[in-house]
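Chain letters run A, B, ... following the sequence lines, proteins first and then strands; every chain starts at 1.
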Amino acid sequence: MKNLFSLKKYFIKYKSKLLWGFVFILFSNAGMVYVPILLKDSINFLQQSVSKEKLIEYSILIVVTSLVAGIFRFLIRQTIIVVSREIEFDLRNDFWNHIQKLPLRFFQNNSTGNIMAHATNDINAVRSFIGPAVMYSIDTGIRILIVVFIMLSIDWSLTLLALLPLPLLSFAVYRIMKLIHEKYTKIQEKFSELTTRAQENYSGIRIIKSYVREENEISRWKELSKDYLNKNMNLVKVQALIMPILVMITGLSIIIVIWLGGMRVINNQISLGEITAFVVYLGILIWPVIAFGWVTNIIQQAEASMKRLNKIFREPYEIVDVSESSFNKNEIEGDIEFRNVSFRYNDNLPFVLKNINLKIPKGSTLAIIGHTGAGKTTLINLIPRLYDVTEGELLIDGYNVKDIPLDILRKSIGLVPQESFLFSDTIANNISYGLREIDFEKVVNVSRIAQLDKDVESFPNKYDTVVGERGITLSGGQKQRTSIARALAINPKILILDDSLSAVDTHTEEEILKNLKNFMKERTSIIISHRISTVKDADNIIVIKDGEIVEQGTHEELVALNGHYADLHYKQLLEKELEEIN
Amino acid sequence: MSDNRQDDEILGKAYDAKLMKRLLSYVKPYRKYVFFAILLNIFVAALGPLRPYLTKIAIDDYIAKSDYYGLMIISIALLFSLILQAVIQYFLTYATQYLGQKTLYDLRVQLFSHVQKLALKFFDKTPIGRIVTRTTNDVESLGELFSSGIVMVFSDVFIIIWILGFMFTLDVKLSLVTLSVMPILIYGTFLFRKKVREAYRNVRYHLARLNSYMQEHITGMNVVQIFRKEEDEFKKFSSINADHRDANIKSIFYYAIFYPGVELLSSIAIALIIWYGGGEVIQNAITIGVLFAFVQYVEMFFRPIRDLSEKYNILQTSMASSERIFNLLDNKTFINNPTNPIPLKDINGHIEFRNVWFAYDDENYVLKNINLEIKPGESVAIVGHTGAGKSTLINILTRFYDINKGTILIDGIDIRQVDKRELRKHISMVLQDVFLFSGTIKSNITLDNDEIDIERVKKAAKLVGADKFIENLPNKYDEEVKERGATLSVGQKQLISFARALAYEPKILILDEATSSIDTDTEKIIQEAIQRLLKGRTSIVIAHRLSTIQNADKIIVLHKGEIKEIGKHQELLAKKGIYYKLYQLQYKDQEITIS
């Protein structure tokens, strides 16, 4: 239970509503147990002679009592269960608020599906504890106490005998639910095995077809399916016990009442009405007894889920503002300097960047060239502090980047990531993502710079066109240009394009670069690319290999150097020639 | 709320008789069991309602008449009916669940087998994830329909019928009075189901919104953080989260009304029994035992009615899944075999392309007028720039796709005239992206073909030089291979795929060389392996290695879907044409690394 204790603050927040819920439970139970007493009395009256008026009076009393009990029952759900939904809401909000602040590292180490599972399944399990589990345990606890007390006062020995089977029921439900949970987990494992197999088969369909292994794959699938079927039937074996056990045990209690109680009636020890009341009380008790076993399981599962959630809540933020900083400006200028910067993702991993020394003066353009995995993206990710350097210093305007408040730092940097990620929203909203509000003039303006305007004009709803899953699908080049426009919209002091023109044709690319040159005057640009055409006009070009800067200079200087850059340059010329042959 | 709701979010369309008929056809093989289960259901349904009737007898005939012996007998009868009901119910549940699971099994196997037959064109167009969902999740969602839906409907109906039967036998007038609340109960239950269904649809819609928001923003978290939009995004999240909460709270309302409402209705029924039945008792028209039985029947009535309303829901949700499943089953993108295939027992490995044209979609030809002859035992290298049509050329040879114009002949026989399975058995294919299945090294080489024994596996591995690393693994050929061969290096995976191709002892070998750079030692092993692989059989290689093109009997230069140059390495170099440029671009560097 120690993990569930962390829910205390939420319970305190809603304590008055919960308290009312508790009061309602008391009242509704009082009403509920009164009905059998009325029933008992009226049947007892019947054995003596009684007036019709008395019967009507009792009938009305029964209806009124249940109505009152029912109203309180309604109020219980409206308080306790509603609170559980409110706490679920708070918990999920806190969860989201927390993970938004977690570093990129967290998202690279945890799959999206995994994080989603915490936000949905785990929070749901915890909610079941707060709502149903809390409600039923209080409700049933109280009800059992009252009902058993009344039954004992009618006939204590008959009560004990009739109730004898019930603890057995509670225990059986607890055991069966536990078994079901275990077996269900196994079924889920098998099911994901099935999914994986289907996935694997469909992905490898070329191999299967070319080696004519279809029949074999089908028989393997049959085998696995059969296995899954057996696992399911294993569960059914246990699950099918629930109803019979329920019927058996409750029925047994009733038979005991009829038989032993009947004998006592014959002996004139108790009345027929009292037996009727007993039977009805047993009916009332069944659900609480079942709930007892059920709730125990919910608590166990919620505890496990809360443990997982707490683990996430304990993840450190890592990248935060320093408490005291000498930086006192409202914005940055854009002078960047790497001083002996080395970086690795994790203490156990090798260095991805080694001893980088680099100055990018304000107003200049730096281009970075290098193979996949050379460390280009890592290098530029350090600038907006998506990661912090492992060794050395990264300075902006002469300040250590850690001393600049994240708000100021990131709002001055327009980073266009390698994978252009757009939200499924309108184009206008996507472009003005970094702005406080939509500035339509600005949207059009930056779209023109990013050479997106003509494309947008051809869309059905122009800038209000929704993109992504629920809208139109943009081509790779359109996506890249949209995310460039998005970065430009914030008027960045530093613009970083991480291979963001790869899907744009060379002609458009040239236009964009020309526009950028104008737009980024006085400001700093960093461009990563594989294409010589993209980088050739930069003020400074660096070639990165295995985390180190191996060549540096202007296009002409590097071509003259006759190294990696020159080789790439030559090859791209050849490719162009090949393209032109028909 | 009418905005952009996706198909999957809609709770299912209304009942569709055609779909239902097709679904029921899956139960047909088991109809004997179904009938038996229904019969048993009718019987067991009587046992529950029988007990209040027996208690009535106990009260009126024995307790009232002080008959200890009779009371004992009737109590034993009660116990017996109880045990009988419990036992039968257990086996009945087991049997119906088995029926359901077996039906799902049949459907799952049928779907999978169907997908195996579909042509590559289908896989090119359909996301793998979607096909997987059809074969797994969609089938699963029919579970309730097949297991409890079909048979248990009878159980609920018959419980109601039996209760009515017993009640009317006991007293017709009192029955009618008691049942007067039933129309309200039935109406209320179905109304509640409808409301809850709507409320849940709403909950699901908001849950889907919440999930897609989270999915999207977790994926794009770097964008959120770069633009410092955490606060704004949190507000957005919070409002979606609040919608989800409110939708749930709304559904709580229906539950909060319904359950107390049912209890109130049964109290009203009991009050009616007391009022009317009590009056009858006073006039000695009925006995107290009857009253007692009626009180119990009132409690019994509710469950089957609630279950029936749930069955209706199951039916509706099944419609959507079954429609998607049947759509896949009705997809007939096949590469057809000829009706009377020409047998292709042993071949020499002579290949000829005659005026071959091919387009993936109607008119955009990827291959144009290809004419090519490859003699038995000849080794041909295909070179060309990206998009030249190299992969297409090898894909049409095994009939992964059918050509639009022209003919492809193997040993002089049109490949469309032979059984494609027989054709493919003569051709081994090694793809650029090595695909390994989860299993063992051995199973990846044999692909579970029993005809290939361990000796042949070892021989093949040895020939390609894979034996050295395999022998060093703790379990050798039985070493576990994880999904996609995650634990093996790129070079090792390639060697395994070479061994696989060789173990099948093909006459024709097709190899799409991997471009990925590997260390020089492995490179050397792979180069030697390729040479041994090609030796003595007709082979077509999409070449990325200098050594491969140098050793080829002839090189074919593909450019924009056409064969531009054919010849030997030195001849083509001397031409200073396309090959010369390609050579400089792709192969020249290798001269330096090798020497």
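Residues A/V247 and B/R51 come closest through the heavy atom pair CG1-NH2, 3.9 Å. In this structure, B/N211 and A/M116 approach most closely via the heavy-atom pair O-CE, 3.4 Å. When every heavy atom of A/K237 is checked against every heavy atom of B/Y90, the shortest pair comes out as O-OH, 2.7 Å. Smallest separation of non-hydrogen atoms from B/F292 and A/I258: CE2-CD1, 4.0 Å. Listed here is the closest heavy atom pair of B/D448 and A/R213: O-NH2, 3.2 Å. Looking at every heavy atom in both residues, A/S42 comes nearest to B/I274 through OG-CD1, 3.4 Å.
Ranked by heavy-atom pairs shorter than 4.5 Å toward chain B, the options A/V265, A/N93, A/N97, A/I218 are led by A/N93. Ranked by heavy-atom pairs shorter than 4.5 Å toward chain B, the options A/F421, A/W221, A/Y228 are led by A/W221. Among the candidates B/A501, B/P506, B/S266, the residue making the largest number of heavy-atom pairs closer than 4.5 Å to chain A is B/A501. When each of A/M263, A/E419, A/R73, A/K52 is scored by its heavy-atom pairs under 4.5 Å with chain B, the top score falls to A/M263. Comparing B/T133, B/I427, B/I257 by how many heavy-atom pairs each has under 4.5 Å with chain A, the most go to B/I257. Interface summary for chain A: among B/N248, B/I288, B/N137, B/L78, the most heavy-atom pairs under 4.5 angstrom belong to B/N248. Between chain B and the options A/I81, A/L252, A/I205, the largest number of non-hydrogen pairs under 4.5 Å is found for A/I205. With chain A as partner, the option from B/S497, B/A86, B/A256, B/G279 having the largest number of non-hydrogen pairs under 4.5 angstrom is B/A256. Contact tally against chain B (heavy-atom pairs below 4.5 Å) for A/S66, A/S28, A/S210, A/P103: the top residue is A/S210. Between chain A and the options B/S438, B/G577, B/A64, heavy-atom pairs under 4.5 Å are most frequent for B/S438. Interface check for chain A: of the options B/I249, B/I83, B/I59, B/T55, the most heavy-atom pairs under 4.5 Å are formed by B/I249. Considering only heavy-atom pairs separated by less than 4.5 Å from chain B, the leading option among A/P384, A/G262, A/G251, A/A198 is A/G262.
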**OP:** For the pair A/E88 and B/R245, evaluate side chain to side chain contact (heavy atoms under 4.5 Å, CB included) and give the outcome as yes or no after the intermediate values.
**Re:** CA-CA 8 Å; A/E88 176 196 12; B/R245 174 197 60 196; 5.9 Å; no
Original post:
Passes side chain to side chain contact (heavy atoms under 4.5 Å, CB included), A/Y202 versus B/T135? Steps please.
Top reply: CA-CA 11 Å; A/Y202 302 155; B/T135 19; 3.1 Å; yes
Subject >> Steps toward side chain to side chain contact (heavy atoms under 4.5 Å, CB included) verdict (B/T93, A/Q239) >> reply: CA-CA 9 Å; B/T93 313; A/Q239 214 168 24; over 6 Å; no
Subject >> Full working for side chain to side chain contact (heavy atoms under 4.5 Å, CB included) between B/L431 and A/I207 >> reply: CA-CA 8 Å; B/L431 299 176; A/I207 290 294; 4.0 Å; yes
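Residue A/E57 qualifies as enclosed at atom CD: its count of foreign heavy atoms under 6.0 Å is above 12. Other residues, nucleotides and ligands contribute at most 12 non-hydrogen atoms within 6.0 Å of the CG atom of B/D450. Residue B/F91 qualifies as open at atom CZ: its count of foreign heavy atoms under 6.0 Å is 12 or below. Within 6.0 Å of atom CH2 in A/W96, more than 12 heavy atoms from other residues, nucleotides or ligands are found, so the atom counts as buried in its surroundings.
With a 4.5 Å cut-off on non-hydrogen atoms, B/I510 does not touch chain A at all. Heavy-atom distances place both the backbone and the side chain of B/V109 under 4.5 Å from chain A. Contacts between B/K102 and chain A at a heavy-atom distance below 4.5 Å involve backbone atoms as well as side-chain atoms. Neither the backbone nor the side chain of B/I88 comes within contact range of chain A; no heavy atoms are under 4.5 Å apart. Proximity to chain B (any heavy atom under 4.5 Å) is shown, for A/R385, by neither the backbone nor the side chain. Of the atoms belonging to B/N449, heavy atoms from both backbone and side chain fall under 4.5 Å from chain A. When heavy atoms are compared at a cutoff of 4.5 Å, A/N216 approaches chain B solely by way of its side chain, counted from C-beta outward. Proximity to chain B (any heavy atom under 4.5 Å) is shown, for A/F72, by neither the backbone nor the side chain. Using a 4.5 Å cut-off between heavy atoms, B/T398 does not touch chain A at all. At a 4.5 Å heavy-atom cutoff, the contact between B/Q296 and chain A is made by side-chain atoms alone. With a threshold of 4.5 angstrom between heavy atoms, A/I496 does not approach chain B through any atom at all.
A heavy-atom distance below 4.5 Å is found between the side chains of A/F74 and B/F253. For the pair A/M233/B/Q97, a side-chain contact is recorded, criterion being any heavy-atom separation below 4.5 Å from C-beta on. A 4.5 Å side-chain heavy-atom check between A/R206 and B/F123 finds every atom pair outside the cut-off. Looking at heavy atoms from C-beta onward, A/I266 lies out of side-chain contact with B/Y62 at the 4.5 angstrom threshold. Here the side chains of A/K222 and B/Y105 are in contact, with some heavy-atom distance below 4.5 Å. In this structure, the side chains of A/F423 and B/T219 stay at 4.5 Å or more apart for every pair of heavy atoms. A heavy-atom distance below 4.5 Å is not found between the side chains of B/Q225 and A/I319. Looking only at side-chain heavy atoms (C-beta outward), A/L241 and B/Y94 stay at 4.5 Å or farther from each other.
When each of B/L82, B/L79, B/V87 is tested with A/M248 by the rule side-chain contact (heavy atoms from CB on, under 4.5 Å), just one qualifies, namely B/L82. Across B/F435, B/F437, B/Y504, a single residue satisfies ring pair (Phe, Tyr, Trp, His ring centres under 6.0 Å) together with A/Y211, and that is B/Y504.
The CD atom of A/E217 lies 5.5 Å from the CZ atom of B/F112; values are rounded to the nearest 0.5 Å. The distance from the CG atom of A/L67 to the OG atom of B/S267 is 9.5 Å, given to the nearest 0.5 Å. Note that the CZ atom of B/F227 and the CD1 atom of A/I413 stand 11.0 Å from one another [nearest 0.5 Å]. A distance of 10.5 Å separates CG of B/L111 from OG of A/S225, quoted to the nearest 0.5 Å. Rounded to the nearest 0.5 Å, atoms NE2 (B/H217) and CD (A/Q100) are 8.0 Å apart. To the nearest 0.5 Å, atoms CZ (A/F106) and CE (B/M221) are separated by 9.0 Å.
Side-chain atoms of B/Q116 and A/N201 form a donor-acceptor pair, as typed in the model, at a separation below 3.5 Å.
A cation-pi arrangement is not found for A/K209 relative to B/F400, the charged atom failing to lie both closer than 6.0 Å to the ring centre and inside a 45° cone about the ring normal.
Remark: the backbone N or O of A/M243 is not paired with any side-chain donor or acceptor of B/Q89 at under 3.5 angstrom.
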